[in-house]
Amino acid sequence: MIDRILNGRRIVIPPGLPRHWLPDSVAAVIDENLTAEQIAAVDGVVTAAAVAVAETGTVVLDAAPDQGRRIISLLPDVHVCVLRADQVVAGVPDALARVAPHRPLTWISGPSATSDIELNRVEGVHGPRQLHVVVLPAD
């Protein structure tokens, strides 16, 4: 699945991401304090997540080693987020119960989009233009 989404692109990954999730067709750069320019130069990012909310379609990142710094999920055009089925909860209260309040939380409810003054939809202004969520079987 990830191979079809990324199709040989150059990506950034957080240091703790399981390498077996990545197909051989992608060139992965590990984020070891890459600059914003270096991150913006790649085509995509693959991260894990802390939890996902079925009711809203929201994915929550908490900067764990398999999720990385917030900047890597904002600059590349494509974000592939990998979850295990047991990380998907029904509602927001269930998600809040699973995250630590002291960690920096990023809540993602789809690809970045906004409207300009003429109400034309503009994508990718505040994050990736494409968001793909891959759900793996529970452990």
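Here, residue 1 is the first one in the sequence, and each next residue gets the next number. The model shown is predicted, which means the values in this text are computed figures rather than measured ones. All values below come from the heavy atoms of this structure, side chains included, with hydrogens, waters and symmetry mates left out.
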Where is the tightest heavy-atom contact between [X] and [Y], given as atom of each residue plus distance?
X   : Y   : value
A50 : V99 : CB-CG1, 4.3 Å
A28 : L22 : CB-CD1, 3.9 Å
V53 : A90 : CG1-O, 3.8 Å
R98 : Q87 : NH1-CA, 3.7 Å
I71 : P76 : O-CD, 4.3 Å
A48 : L61 : O-CD2, 3.0 Å

Any side-chain heavy-atom pair from [X] and [Y] closer than 4.5 angstrom?
X    : Y    : answer
V42  : I72  : no
L136 : L83  : no
T47  : C81  : yes
V80  : L6   : yes
V59  : V133 : yes
I11  : V45  : no
H79  : L74  : no
V78  : D43  : no

Under 3.5 Å, side chain of [X] to main-chain N/O of [Y], donor-acceptor pair present?
X    : Y   : answer
D94  : G91 : yes
R103 : D62 : yes
R69  : L34 : yes

message: List the residues meeting side-chain contact (heavy atoms from CB on, under 4.5 Å) with P15, not counting sequence neighbours, and say none if there are none.
response: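 side-chain contact (heavy atoms from CB on, under 4.5 Å) list for P15, sorted by chain: I30.
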message: Would you say T58 and S109 are linked by a side-chain donor-acceptor pair, where the criterion is simply a distance under 3.5 Å?
response: yes
query: Between D77 and Q130, do the side chains contain an N or O donor and an N or O acceptor separated by less than 3.5 Å?
result: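 Their side chains do not contain a donor-acceptor pair, so the 3.5 Å distance test is not met.
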Starting at [atom1] of [X], measure out to [atom2] of [Y] and round the result to the nearest 0.5 Å.
X    : Y   : atom1 : atom2 : result
L131 : I5  : CG    : CD1   : 9.5 Å
L75  : T35 : CG    : OG1   : 9.5 Å
I2   : R9  : CD1   : CZ    : 13.0 Å

query: According to a 4.5 Å side-chain heavy-atom criterion applied to Ile, Leu, Val, Met, Phe, Trp and Tyr, with indirect links allowed, do V82 and V88 form part of one hydrophobic cluster?
result: no
- request: Could you state whether I13 and W21 fall into the same hydrophobic cluster, counting links through intermediate Ile, Leu, Val, Met, Phe, Trp or Tyr residues with side-chain heavy atoms under 4.5 angstrom apart?
  value: yes
message: Can you confirm whether R19 is buried at CZ, in the sense that more than 12 heavy atoms of other residues, nucleotides or ligands lie under 6.0 Å from that atom?
response: yes
field: Stepwise side chain to side chain contact (heavy atoms under 4.5 Å, CB included) check, T106 with V60
entry: CA-CA 6 Å; T106 302; V60 182; over 6 Å; no
